[in-house]
There are 2 protein chains.
Amino acid sequence: MVVETRELRYFVAVAEELHFGRAAQRLGIAQPPLSRAISQLERRLGGPLLERNSRGATLTGAGRLLLGEARAALDAVDAAERRTRRATGGAPRLVLASKAGASVELLAKILDAYAAEPGSVEVEVILCGIGEQERLLRDGRADVALLHRPFDATTGLDSEDLLAEGQAAVLPAGHPWSQRPHLQMSDLPDLPDVPPLRWPRSDGSYPDGPGPELRDGAQLHQLVALGRGYTVLPESARAEQHPGVATVPILDAPQVTTVIAWPPHSRSLPLATLIRTATSV
Amino acid sequence: MVVETRELRYFVAVAEELHFGRAAQRLGIAQPPLSRAISQLERRLGGPLLERNSRGATLTGAGRLLLGEARAALDAVDAAERRTRRATGGAPRLVLASKAGASVELLAKILDAYAAEPGSVEVEVILCGIGEQERLLRDGRADVALLHRPFDATTGLDSEDLLAEGQAAVLPAGHPWSQRPHLQMSDLPDLPDVPPLRWPRSDGSYPDGPGPELRDGAQLHQLVALGRGYTVLPESARAEQHPGVATVPILDAPQVTTVIAWPPHSRSLPLATLIRTATSV
DNA sequence: CAGCGGCGATACTCTGCCGGTATCGAGGCT
DNA sequence: AGCCTCGATACCGGCAGAGTATCGCCGCTG
């Protein structure tokens, strides 16, 4: 009477591969039971989810809808399993996700302050790639994350603001503008000699443009020091001095807010303490 | 290897009943298979979820955590099933949830404007009780909802503000203050003769106090007209004139914002059109 | 145009899991 | 001490889900 996660996993595999054979291989089962499971799901849900043809399959409208809903549902089931397993395995602990190379001193302050709280538990820090925090929270690999508005999406998460700051341009040290005391946003398109570096969007794709593509903060400083591009970062990134890299504040850049975010329904005591501690740092 | 929704349903039943026998009855199965399913789940998740004793069972810490996570996961699975079934069943349609008796004219404007859009689909309106919109969105019975900040929680939902308005006191027509042109928040505790009506909180419980308890807007006007209490509502509620009821603006009441909200990952074309239409009304 | 190859559906069989009944063992209450 | 309540265990039967073999359809190609 009710949809099982097995059926959803099967459907997601087929919807992603658009090929029953490959999907079955990925799932580690034979193709016939997969075909049967999908048609049973279609019967139960009242209509076709896939159009079959001799080269594979394509999604119907209902199939596209189900793909999104099923991914969300499977993430929620995974989260339940992972978080519970974490809670049963000996000492409870919290997992915090943060972008690699961001907010080092803020994070350190939060962790220190939390460790001093009564009843605090061990906090494991996952340093992840750009925009991955949301996914880690959704599938339960993390309990709480540090995000940066407006770059990271907080949709579907609870959050509290921690820190708002301006932004600064990160330029090669020898760049003619690197000695200026400050810049304006309107200066940036005219910045001579170096193109803007390109960060991935939340879906992993890159905007068009001339500059090199980036994945993390380590690459960033290398590329800037080599004079291959520039970028704009929150001012707290200035704290880490890198050779060959200069930072210049941008007076009218939009404020970047570091927020602490967590899945909306989770309200464990250690998590609440961590959030309270973080907001009062 | 992976948790199935059946196991989560079983666990939630036991966790809510704290009694294997009653939970089994509720699930329509016998008690022994339920016991086995739970202990298998405990083995898989790495530790006990329930403490058994001769009078029933109590939740462990991990069990409490899993109860919350499992409810969220089951809601997500239900949502996937319901929304997909809706999409396969003939003409696609959107389901909008709104509190019974709220924002009638705003809702009418939105629906009219959306119906005039090209490519609009049928919109079914569910008029639900106070604070039920969130649950309807979560388990897929609704696709989109109208909420009122700060009364309704928007945590875990995407939303756009539609309309901010002041609030007005709703008094019995014969009340001595009903002729005053306006009130202040500080007047309310001194309001003679009638107690404040009590609305349910988001968890369904009622605050303590002398006034009668309310469930919906129909009761409200009856009770006020009978002189049994007063309440405070957004000003747009003044538009509907009820016999025996007077409304007086409260100058310094906090603004109430009507927002349109939807589950964060759903991005179907009809939904996007409805949201765009609503925000531009 | 016939033959071949790829893909999903179907037919059939088997096995492992889920659910049912009967019964046991542990605590608590009188 | 004896009964009662409640969960666990033992055992069994049926069915659902997985595997193998095969079919039917379609497109490509020589």
Side-chain angles (χ1 to χ4, degrees), chain A residues 1-60 62-64 66-67 70 74 77 81 88, chain B residues 1-60 62-64 66-67 70 74 77 81 88:
Chain A
M1 203 61 85
V2 179
V3 173
E4 290 296 323
T5 63
R6 183 182 51 81
E7 306 180 87
L8 295 181
R9 284 201 321 277
Y10 286 8
F11 173 76
V12 169
V14 177
E16 286 178 354
E17 299 285 345
L18 295 176
H19 188 291
F20 282 73
R22 278 196 302 274
Q25 202 172 350
R26 193 173 114 184
L27 292 165
I29 63 171
Q31 169 258 320
L34 180 58
S35 282
R36 259 184 299 131
I38 298 293
S39 37
Q40 178 183 333
L41 189 64
E42 288 177 316
R43 241 175 299 122
R44 193 166 345 176
L45 295 181
L49 303 168
L50 295 150
E51 308 258 359
R52 283 83 158 162
N53 59 52
S54 58
R55 277 203 297 287
T58 58
L59 285 169
T60 64
R64 263 189 300 279
L66 179 60
L67 178 56
L74 290 176
V77 173
E81 179 172 350
T88 55
Chain B
M1 203 60 84
V2 180
V3 173
E4 289 297 324
T5 62
R6 182 182 52 82
E7 305 179 88
L8 294 180
R9 287 201 317 277
Y10 286 7
F11 173 75
V12 169
V14 177
E16 286 178 353
E17 299 285 346
L18 295 176
H19 189 291
F20 281 72
R22 278 196 302 273
Q25 202 172 353
R26 192 173 114 183
L27 292 165
I29 63 172
Q31 171 259 320
L34 180 58
S35 283
R36 255 184 302 133
I38 299 292
S39 36
Q40 178 182 335
L41 189 64
E42 288 176 315
R43 242 175 299 125
R44 191 161 353 171
L45 294 182
L49 303 168
L50 295 151
E51 308 260 358
R52 282 83 159 164
N53 60 52
S54 59
R55 277 203 298 287
T58 58
L59 285 169
T60 64
R64 263 190 301 280
L66 180 60
L67 178 57
L74 290 176
V77 173
E81 177 171 351
T88 55

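To find a chain, count down the sequence lines: A is the first, B the second, and so on, and within it residues start at 1.
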*Does the side chain of I29(B) come within less than 4.5 Å of L34(B)'s, by heavy atoms?*
yes
*From the 5' end of DNA chain C to its 3' end, which nucleotides mark the outer limits of contact with chain A, defined by a 4.0 Å heavy-atom distance cut-off (strictly under)?*
dC7(C) to dT10(C)
*Atom CD of Q25(A): over 12 foreign heavy atoms under 6.0 Å*: no
*If a pair satisfies salt bridge (Lys or Arg N to Asp or Glu O under 4.0 Å) and one of its residues is in residues 45-60 of chain B, list it, with sequence neighbours excluded.*
E42(B)-R52(B)
_Residues in contact with DNA chain C, drawn from residues 13-33 of chain A - heavy-atom cutoff 4.0 Å_ = H19(A), F20(A), G21(A), Q31(A), P32(A)
*Who are the salt bridge (charged side-chain N to carboxylate O under 4.0 Å, His left out) partners of R9(B), not counting sequence neighbours?*
E4(A)
*Write down the distance between CG (L41(B)) and C1' (dA8(D)), rounded to a whole number of angstrom.*
17 Å
*Of all heavy-atom pairs between A37(A) and Y10(A), which one has the smallest distance, and what is that distance?*
CB-CD2, 3.6 Å
*Spacing between R52(A) atom CZ and dC23(D) atom C1', to the nearest angstrom*: 17 Å
*Evaluate the side-chain proximity of L41(B) to L66(B): yes if any heavy-atom separation is below 4.5 Å, no if none is.*
yes
_Any R6(A) side-chain nitrogen or oxygen under 4.0 Å from OP1 or OP2 of dA18(D)_ = yes
*Among all residues two or more places apart in sequence or in another chain, which pass the salt bridge (charged side-chain N to carboxylate O under 4.0 Å, His left out) test with R6(A)?*
none
*Take the protein atom CG of L34(B) and the nucleotide atom P of dA8(D), then report the distance between them rounded to whole Å.*
9 Å
*Between Q40(A) and R36(B), which has a closest nucleotide on DNA chain D that is more 5'?*
R36(B)
*Report the distance from atom CG of L49(B) to atom P of dG7(D), rounded to the nearest whole Å.*
15 Å
*Which heavy atom of P48(B) sits nearest a heavy atom of T88(A), and at what distance?*
O-CG2, 4.4 Å
*For Y10(B) and dG7(D), give me the distance from atom OH to atom C1', rounded to whole Å.*
17 Å
_Test of understanding: with side-chain hydrogen bond (donor to acceptor under 3.5 Å, both in side chains), list the residues that count as partners of T60(B), not counting sequence neighbours._
none
Quick test: give all pairs of protein nitrogen or oxygen and nucleotides 25-30 of chain D nitrogen or oxygen below 3.5 Å, distance rounded to 0.1 Å.
none

*salt bridge (charged side-chain N to carboxylate O under 4.0 Å, His left out) with R26(A): which residues, sequence neighbours excluded?*
E16(A), E17(A)
*asked:* Return the CG to OG1 distance between L50(A) and T58(A), rounded to the nearest 0.5 Å.
replied: 7.5 Å
